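Below: one structure, written as structure tokens.
Just so it is clear, the structure is predicted and the values come from calculations on it, not from any experiment. By convention here, the first residue in the shown sequence is residue 1.
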Amino acid sequence: MTAVSILGQGNMGSVIAGIAEKGGNTVQVLGSGDIDKTITGEIVVLAVPYPAVQEILAQRAEQLAGKIIVDITNPLNFETFDSLTVPADSSAAAEIQAALPNSSVVKAFNTTFAATLAAGEIAGQPTTVLIAGDDADAKTRLAGLISAAGLRAIDAGSLRRARELEATGFLQIALAAGEKIAWTGGFAVKA
């Protein structure tokens, strides 16, 4: 059993909390008004919009040291929905790792919508969570948490692959925002 802290009380935070609990883990969910509460999880999920990350890191960097940090953000331009806001040779996850050098940052959950995570399937296939990171143990622990809830986890490679995961997440969001796919849809991975 693992202790998981989720920073964010929106759709994704709630669904990821359910996934963690389904696998028998303890879950702490903290919202923006809980700044006085200490993060207790070994795994900490940043289930917030990308623009909120810098403030969280500034307020909680010390508490995040030594933990596995799961970045689910998609750093897109929320005004136009037409571009990512990080440099082309970087990613939100890489920026978070640079800000938290004593933590293990992994990118995950950003290529799935909350509805497909909750449903556990898409197009008749188990929902797949792609994971990128440089810490093999952190990726294995997160994959175990995901698999225990009946979902599929695939190691997408090093943290450098976070850029491609963020581009995939951005494409999916752009398609849904443009009403080309439903917010209950998305990409399926057939292994």
Side-chain angles (χ1 to χ4, degrees), residues 1-81 84-86 91-120 127 129 131 133 135 138 141-142 145-146 148-149 151 159 162 165-166 169-170 172-173 176-177 183-184 186:
M1 180 169 66
T2 300
V4 179
S5 290
I6 299 176
L7 305 184
Q9 297 175 315
N11 290 340
M12 288 294 287
S14 297
V15 171
I16 294 169
I19 289 168
E21 288 170 341
K22 187 175 182 181
N25 302 287
T26 60
V27 177
Q28 171 192 46
V29 179
L30 300 172
S32 58
D34 295 323
I35 193 63
D36 59 325
K37 294 184 180 171
T38 302
I39 294 171
T40 59
E42 305 159 54
I43 297 176
V44 180
V45 180
L46 299 178
V48 297
Y50 178 67
V53 169
Q54 289 306 317
E55 183 177 349
I56 289 170
L57 297 183
Q59 293 172 338
R60 295 188 177 268
E62 195 172 294
Q63 290 181 41
L64 298 173
K67 298 184 184 285
I68 297 169
I69 309 301
V70 182
D71 170 32
I72 77 163
T73 67
N74 284 301
L76 57 98
N77 182 326
F78 285 100
E79 292 178 15
T80 63
F81 280 82
L84 294 173
T85 60
V86 293
S91 66
E95 291 179 353
I96 294 167
Q97 183 65 80
L100 298 173
N102 297 318
S103 301
S104 295
V105 176
V106 294
K107 186 75 176 190
F109 295 108
N110 75 300
T111 60
T112 57
F113 289 142
T116 57
L117 282 172
T127 299
V129 177
I131 304 170
D135 182 330
R141 289 185 67 195
L142 182 59
L145 185 145
I146 292 164
L151 305 177
L159 197 60
L165 295 184
E166 290 172 5
F170 164 59
Q172 182 172 260
I173 291 168
W183 289 99
T184 57

Non-hydrogen side-chain atoms of Val15 and Phe109 separated by less than 4.5 Å: no
Counterpart residues, side-chain contact (heavy atoms from CB on, under 4.5 Å), relative to Ala108 (two or more places apart): Val70, Val129, Ile131, Leu142
Nearest non-hydrogen partners of Leu46 and Ile72, listed with the distance: O-CG1, 3.2 Å
Shortest non-hydrogen contact between Leu117 and Met12, atoms and distance: CD1-CE, 3.5 Å
Spacing of CG belonging to Leu57 relative to CD1 belonging to Ile96, to within rounding of 0.5 Å: 6.0 Å
Donor-acceptor under 3.5 Å (Thr127 side chain, Leu151 main chain): no
Test ring-ring contact (aromatic ring centres under 6.0 Å, His included) applied to Tyr50 - qualifying residues, sequence neighbours left out: none
Minimum-distance pair of heavy atoms, taken over all atoms of Ser91 and Ala94: OG-N, 2.9 Å
Atom pair OG1 (Thr73) and CD (Glu95), whose distance is rounded to the nearest 0.5 Å: 9.0 Å
Ser104: side chain to side chain donor-acceptor pair (under 3.5 Å) partners, not counting sequence neighbours: Asp135
Check: Glu166 side chain, Leu84 main-chain N or O, donor-acceptor pair, under 3.5 Å: no
All side-chain contact (heavy atoms from CB on, under 4.5 Å) counterparts of Ser32, not counting sequence neighbours: none
Closest approach of Asn74 to Gly169 (non-hydrogen atoms, all atoms of both residues): OD1-CA, 3.7 Å
All side-chain contact (heavy atoms from CB on, under 4.5 Å) counterparts of Ala119, not counting sequence neighbours: none
For the student: nearest non-hydrogen atoms of Ala148 and Gly23, plus distance: CB-CA, 3.8 Å
Minimum side-chain heavy-atom gap Phe170-Thr111 below 4.5 Å: no
Residue pairs, two or more places apart or on separate chains, that pass salt bridge (charged side-chain N to carboxylate O under 4.0 Å, His left out) and touch residues 33-59: Asp34-Lys37, Glu42-Arg141
Approximate separation, where rounding is to 0.5 Å, of Leu145 CG and Ile68 CD1: 9.5 Å
Nearest atoms (heavy-atom pairs only) where Ala65 meets Ser103: CA-OG, 3.5 Å
Selection residues 1-27 - residue pairs positive for side-chain hydrogen bond (donor to acceptor under 3.5 Å, both in side chains), sequence neighbours left out: Ser5-Gln28
Result of checking Thr40, Ile35, Ile6, Ile39 against Leu30 for side chain to side chain contact (heavy atoms under 4.5 Å, CB included): Ile39
Contact list for residues 59-78, test salt bridge (charged side-chain N to carboxylate O under 4.0 Å, His left out), sequence neighbours left out: Asp71-Lys107
Residues forming a side-chain contact (heavy atoms from CB on, under 4.5 Å) with Thr38, sequence neighbours excluded: Gln63
